[in-house]
Participant: 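Before I ask anything, here is the structure I am working with.
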Amino acid sequence: MCGRISCHLPRDVLTRTCAYRNRQGERRLPEWRDADKYCPSYNKSPRSSSPVLLSRLHFEKGTDSSERIIVPMRWGLVPSWFKENDPSKLPFNITNCRSDTIMEKRSFNVPLGKGRRCVVLADGFYEWKRCRGTYDRQPYFIYFPQTKSEKLGSIGAADSPEDWNKVWDNWRLLTMAGIFDCWEPLQGGDHLYSYTIITVDACKVLNDVHQRMPAILDGEEAVSKWLDFGEVSTQEALKLIHPTENITFHPVSSVVNSSRNDSVECLAPIDLSVQKELKARGCSQKMLQWLATKSPKKEDPKTPQKTESDVRQFLPKSPSSVKRSSAVLLEQWLKQEKEEEPVAKQLHSE
């Protein structure tokens, strides 16, 4: 699945990354439609507006279907046949579209029959992996492998978000296959253009993170065939929908968990082993401090003897109410920490 993406590039930079050649072999830049509706963001969620690439023929009859435009559209398909005045009343979520049922559902086969194919543009997308033995989820940023350059190659996994931001000078955008539709309110008003991202089974590289992934169009030829509905039939275009192994990813901070957070920190790489070590050290320090201040000491003969209930109030409560000395508690805690350590190392190695 795909439920969060990043697309933060300024409009002029985004335009240059989408340069293409038309049917005559001429080098072109796509033009924008409703450009003022584009809002760059490191953390886009469903129902937000994102830029999509599509054939100019959808908006200008009689033009060459190989010519392209960029249009900001709502993420989350609102079918043209939906009979309500408020799109938020749609009773189901169409953020993603499974490739294996794409021709079975009216929400997808109707726009597909009209050639309404688009390419969703993004820096990359986010996915959450469940950490073994816990209910925690570790977020990852997933994107195309980038061309090694002096500036890009100097960025390390533990560098700051400010350093990571330097790589965007020559970033290759992720191009995901999508379907769009046009909805018109019953009582009239502006048309609403919206899209959904087609998903497929995850490739081997990503399968351990999540079982599904977007259908990624890898290369100019795939993008061109998907967009050119005037020359490429639906059946031929659907042959482009399959998993790709040409993908990479890295763990990111949990700051991305909230869609309200919008900064480069959302996609900056982190080192999971360092994070685990820092967390463990902090907990160890607190435990040692607790033991130093709360554990029973040798009593001064002149000091009244503490009762069992006085000592027990400082010890962790357990259903079994078993008495444990401070030394036993510390030994058990350190043993538990040691057993959990390989999980972090395994995540980092992936």
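The figures that follow rest on heavy atoms only: side chains count, while hydrogens, waters and symmetry mates do not.
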Participant: Looking at E245, I want to see if its CD is surrounded by more than 12 non-hydrogen atoms of other residues, nucleotides or ligands under 6.0 Å.
Facilitator: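 It does: E245 CD has more than 12 such atoms within range.
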Participant: Ignoring hydrogens and angles, state whether a donor on the side chain of Y20 or S66 is under 3.5 Å from an acceptor on the partner side chain.
Facilitator: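 No, because no side-chain N or O of Y20 sits under 3.5 Å from a partner of the opposite role on S66.
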Participant: Quick check, are the ring centers of F229 and H58 under 6.0 angstrom apart?
Facilitator: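 Close enough - the centres of the two rings lie under 6.0 Å apart.
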Participant: Do NZ/NE/NH1/NH2 and the carboxylate oxygens of R11 and D36 come within less than 4.0 Å?
Facilitator: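 Salt bridge absent between R11 and D36.
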Participant: Decide, yes or no, whether a salt bridge links E220 with R27 under the criterion of side-chain N to carboxylate O below 4.0 Å.
Facilitator: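 So E220 does not pair with R27 through a salt bridge.
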Participant: Is it the case that T199 and R212 place a side-chain donor and acceptor less than 3.5 Å from each other?
Facilitator: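 Short answer, yes.
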Participant: Does CZ belonging to F92 count more than 12 external heavy atoms closer than 6.0 Å?
Facilitator: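 More than 12 within 6.0 Å, yes.
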Participant: Counting C-beta onward and ignoring hydrogens, is there a side-chain heavy-atom pair between I69 and F59 closer than 4.5 Å?
Facilitator: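 In short, these two side chains touch, coming nearer than 4.5 Å.
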Participant: Counting only heavy atoms from other residues, nucleotides and ligands, does the tally under 6.0 Å from CG of D190 exceed 12?
Facilitator: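 Atom CG in D190 is not crowded, with 12 or fewer foreign heavy atoms closer than 6.0 Å.
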Participant: Looking at D208 and K129, is any side-chain nitrogen of the basic one under 4.0 Å from a carboxylate oxygen of the acidic one?
Facilitator: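 Yes, this pair counts.
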Participant: For L173 and L9, what are the C-alpha separation, side-chain angles and deciding distance, and is it a side-chain contact (heavy atoms from CB on, under 4.5 Å)?
Facilitator: CA-CA 10 Å; L173 284 179; L9 296 180; 3.9 Å; yes
Participant: Which of these, N96, D181, N93, L90, sits in a side chain to side chain contact (heavy atoms under 4.5 Å, CB included) with L77?
Facilitator: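 Result for side chain to side chain contact (heavy atoms under 4.5 Å, CB included) with L77: D181.
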Participant: Quick one: list whatever passes salt bridge (Lys or Arg N to Asp or Glu O under 4.0 Å) with E84, sequence neighbours left out.
Facilitator: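 For E84 there are no salt bridge (Lys or Arg N to Asp or Glu O under 4.0 Å) partners, ignoring immediate neighbours.
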Participant: Is the closest side-chain heavy-atom distance between D201 and Q211 below 4.5 Å?
Facilitator: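 No - every pair of side-chain heavy atoms lies 4.5 Å or more apart.
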